[in-house]
Amino acid sequence: MDMPTYTPAETPVPEGVVVIERASTPQELGRRLNRTAADVVRFLMQQGEMVTATQSLSDEMLELFASDVGAELRLVDPGEEQEVELRKVLAVDDLDDDDDEGQDSRPPVITVMGHVDHGKTKLLDRIRDANVVAGEAGGITQHIGAYQVNQGGRPITFIDTPGHEAFTAMRARGADATDIVVLVVAADDGVMPQTVEAIDHAKAADVPIVVAINKVDRENADVQRVMSQLSERGLVPESWGGDTIMVEVSALQGTGIDELLENLLVVAELEDLRASQDGRARGVVLEANLDVGRGPVATVLVQRGTVKVGDPLVAGAAWGRVRALIDHTGNQVKEAGPSTPVQVLGLSDVAEAGDDFIVAPDDRTARNVAETREHWQRVASIGGSAAAVGGGARLEDIFEQIQAGEAATLNLVVKADVTGSLEAVTQSLKKLERDDVKLSFVLRGVGGITQYDIQLAAASNATILGFNVRPDRKARELAEHDNVEIRTYEIIYQLLEDIQNAMVGMLAPEFEEVVTGDAEVREVFQVPKIGAVAGCYVQNGTITRGSKVRFLREGTIIWKGTIASLRRFKDDVREVNAGFECGIGLSDFKDLKPGDVIETYEEREIPRV
């Protein structure tokens with residue numbers, strides 16, 4: 001029996017370029033080109049291709065049929081078309097944003113900027129009556145935090161950006177997400193390099209600046225000198241005939257805080273800040289990390305629309321349905337509107353700080369867009385990783401290569417507690433590169449140092465750098481066996497100094513941390529007048545009362561201190577050996593959870609030969 005001849009239908013194909021996903025079926029292809037699935041199947045049968053209506057087609061088949069019916073085709077990867085459609089939705093939203101009618105007044109988003117140690121975090125402490133300085137290594141803020149306060153019943157959102165120059169990118173992102181910048185300048189120190197950078201970021205973002213001249217209570221405070229220095233940078237105080245509001249404050253004594261907040265509200269009124277609470281929510285990821293028990297957590301700032309529990313959300317290469325929203329006080333909320341910072345639970349992976357997020361039309365769109373983005377990110381990183389595996393020197397050996405006149409490559413595996421820290425460390429390390437020393441990042445990731453990291457470092461002859469994270473016991477043992485160098489840090493200055501000193505052969509005497517024992521928290525007990533006590537099982541070594549302690553959760557350092565109390569049953573004891581149970585009370589840490597690890601250690605100085 002002769003095969004019926006295929007004749008294209010009379011209905012014209014769409015004009016212009018038609019976007020089709022690779023691996024589309026005859027059903028999907030026919031629908032996009034005003035044909036039926038049967039039309040596509042008959043044509044391909046004539047070409048000797050036996051296919052069904054629901055079978056994925058090759059690029060050649062898709063292009064062959066399109067050419068035959070006179071359609072211009074552009075093939076895209078799965079998810080890429082949804083990305084285009086998502087961008088179209090954003091463009092429509094942006095047009096809606098141009099129309100103030102129907103939009104509501106929203107709280108101002110304030111970014112606090114300034115030079116390291118000028119008192120930004122202490123100022124925020126006063127504003128929100130909380131103390132986060134004590135939890136920061138070296139008294140330096142190392143993560144972005146977002147908080148909301150009320151002044152006279154009116155909400156104000158604050159973004160705290162770290163002051164060290166390593167976090168320039170994070171500060172720049174803060175400026176892009178902000179309405180007003182509070183520039184903190186110490187009255188006894190004046191304008192410093194990062195003060196100038198902060199001014200540049202704020203001007204680039206075209207946002208007004210309010211200056212908080214801090215530490216006016218100090219004996220050597222010179223407010224007039226600070227004003228003069230700022231005037232040279234184009235910030236002329238109102239009292240001098242300019243248009244920059246400058247408020248004298250003392251974060252330590254709490255003076256001038258109300259005046260500062262009132263001025264911020266005045267500036268916000270002049271800016272007439274508005275955003276629609278309706279429609280598709282969108283905003284920016286300020287910070288993201290992997291939390292034990294809760295999975296990937298992203299701190300986001302909603303910029304328009306309202307994000308709700310259950311919404312399908314895509315943030316960079318991460319996606320998921322919003323499982324929970326947690327506000328700045330730690331309480332769960334059902335929705336969050338414009339200018340509101342919230343933690344989002346339910347994403348598939350750890351988002352990148354600085355990623356835009358948007359509520360997608362459905363799960364399929366969110367998943368496909370995220371997977372496509374992840375695919376291209378992986379493709380882009382293959383080149384660097386492949387190059388890294390090909391050679392490289394360990395940190396201890398790099399100076400010998402330089403002295404021998406060889407161009408050295410230092411392969412690195414970098415792990416950090418959150419994406420903001422990871423980005424800051426990476427960018428800072430890149431600045432240390434020289435003609436004779438190149439850095440190659442074999443892996444950059446968030447979370448504790450794992451056995452996989454050790455295996456990868458061993459295969460690529462890489463040094464592992466951990467920032468606010470630790471290896472677990474199995475990872476340590478594997479590193480010792482494979483002779484992999486692990487260096488862990490909690491202050492970024494020390495990390496950068498070590499790498500820089502290695503390049504000039506000046507590595508300082510090394511402090512070797514010897515882990516003396518580790519115990520797993522099995523239960524948590526509440527003891528009157530003492531608080532939470534960890535019921536533990538000692539897995540390795542010996543736990544000794546008074547020992548230095550690292551408290552680990554999924555390999556990430558949560559707290560450091562000492563063991564305050566150690567008990568076996570009802571008796572106080574000096575030490576407990578592996579294989580026994582005990583009760584451990586920590587000096588000033590009570591956020592205990594089953595599965596956490598209490599690790600004790602000693603520090604020994606090892607002079608370099």
Side-chain angles (χ1 to χ4, degrees), residues 135 137 292-293 415 417 447-454 457 464-491 494 509-527 530-606:
V292 61
K415 298 297 289 290
D417 52 346
I449 298 169
T450 65
Q451 290 175 277
Y452 169 77
D453 300 328
I454 306 299
I464 296 178
L465 302 180
F467 187 70
N468 275 337
V469 295
R470 295 283 304 169
D472 57 24
R473 179 176 56 84
K474 290 182 179 178
R476 281 199 311 271
E477 291 172 353
L478 184 61
E480 289 173 12
H481 180 269
D482 291 349
N483 196 27
V484 170
E485 185 178 12
I486 302 176
R487 289 174 172 268
T488 56
Y489 304 87
E490 292 170 52
I491 297 180
Q494 295 172 356
E510 182 182 3
F511 283 95
E512 179 186 34
E513 289 186 348
V514 179
V515 176
T516 56
D518 61 73
E520 182 184 4
V521 178
R522 296 287 175 88
E523 290 187 64
V524 179
F525 305 99
Q526 295 297 327
V527 179
I530 296 178
V533 171
C536 300
Y537 177 77
V538 182
Q539 297 175 309
N540 298 281
T542 303
I543 302 296
T544 306
R545 187 173 66 246
S547 293
K548 291 183 178 180
V549 164
R550 271 187 296 263
F551 197 84
L552 307 176
R553 188 166 290 162
E554 289 292 300
T556 298
I557 300 170
I558 302 297
W559 174 84
K560 291 182 73 173
T562 56
I563 291 181
S565 64
L566 186 64
R567 308 192 81 175
R568 281 274 297 154
F569 302 108
K570 294 183 179 181
D571 300 325
D572 286 320
V573 293
R574 197 184 75 82
E575 62 182 33
V576 179
N577 294 320
F580 291 94
E581 295 179 339
C582 61
I584 298 177
L586 303 176
S587 51
D588 58 355
F589 183 75
K590 305 300 178 186
D591 180 25
L592 308 170
K593 294 182 181 179
D596 291 340
V597 174
I598 295 173
E599 182 180 271
T600 59
Y601 65 96
E602 295 176 353
E603 290 183 343
R604 298 173 188 165
E605 186 174 329
I606 307 174

Is there a donor-acceptor pair closer than 3.5 Å between any side-chain N or O of [X] and the backbone N or O of [Y]?
{"X": "Arg568", "Y": "Glu581", "value": "yes"}
{"X": "Asp482", "Y": "Ala479", "value": "no"}
{"X": "Lys415", "Y": "Gly448", "value": "yes"}

Query raised in the report: Which of these passes side chain to side chain contact (heavy atoms under 4.5 Å, CB included) with Thr600: Val515, Ile563, Thr562, Thr544?
Result: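 Testing Thr600 for a side chain to side chain contact (heavy atoms under 4.5 Å, CB included) against Val515, Ile563, Thr562, Thr544 leaves exactly one candidate, Ile563.
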
Query raised in the report: Under a 4.0 Å N-O cut-off, is there an ion pair linking Glu599 with Arg473?
Result: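 Here Glu599 does not pair with Arg473 in a salt bridge, since their nearest N and O are not under 4.0 Å apart.
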
Query - Glu480 and Arg476 ion-paired at < 4.0 Å - result: no

Query raised in the report: Side chains of Arg550 and Tyr601: closer than 4.5 Å at any heavy-atom pair?
Result: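 A side-chain contact exists here, since the closest heavy-atom pair is under 4.5 Å.
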
Requested in this report: Determine whether Val573 and Arg567 make a side-chain contact, defined as any pair of heavy atoms from C-beta on separated by less than 4.5 Å.
Outcome: no

Query raised in the report: Just checking, any donor-acceptor pair under 3.5 angstrom between side chains of Thr556 and Asp417?
Result: no

Query raised in the report: How far apart are the C-alpha atoms of Asn540 and Val538, what are their side-chain angles, what is the distance that settles it, and do they pass the side chain to side chain contact (heavy atoms under 4.5 Å, CB included) test?
Result: CA-CA 6 Å; Asn540 298 281; Val538 182; over 6 Å; no

Query raised in the report: After noting the C-alpha distance and the side-chain angles of Arg470 and Thr488, does the key distance pass the side chain to side chain donor-acceptor pair (under 3.5 Å) rule?
Result: CA-CA 7 Å; Arg470 295 283 304 169; Thr488 56; 3.0 Å; yes

Query raised in the report: Is the CZ atom of Phe525 crowded by more than 12 outside heavy atoms at less than 6.0 Å?
Result: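 Correct, the count exceeds 12.
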
**Report entry** More than 12 heavy atoms of other groups within 6.0 Å of Glu554 CD
**Finding:**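 No.
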
Report task. Kindly state each residue pair satisfying ring-ring contact (aromatic ring centres under 6.0 Å, His included) with at least one member in residues 556-579, sequence neighbours excluded. Result -> Trp559-Phe589

Give, for atom [atom1] of [X] and atom [atom2] of [Y], the distance between the pair rounded to the nearest 0.5 Å.
{"X": "Ile543", "Y": "Thr516", "atom1": "CD1", "atom2": "OG1", "result": "6.5 Å"}
{"X": "Cys582", "Y": "Ile598", "atom1": "SG", "atom2": "CD1", "result": "7.5 Å"}
{"X": "Arg553", "Y": "Ile558", "atom1": "CZ", "atom2": "CD1", "result": "5.0 Å"}
{"X": "Tyr537", "Y": "Arg522", "atom1": "OH", "atom2": "CZ", "result": "7.0 Å"}

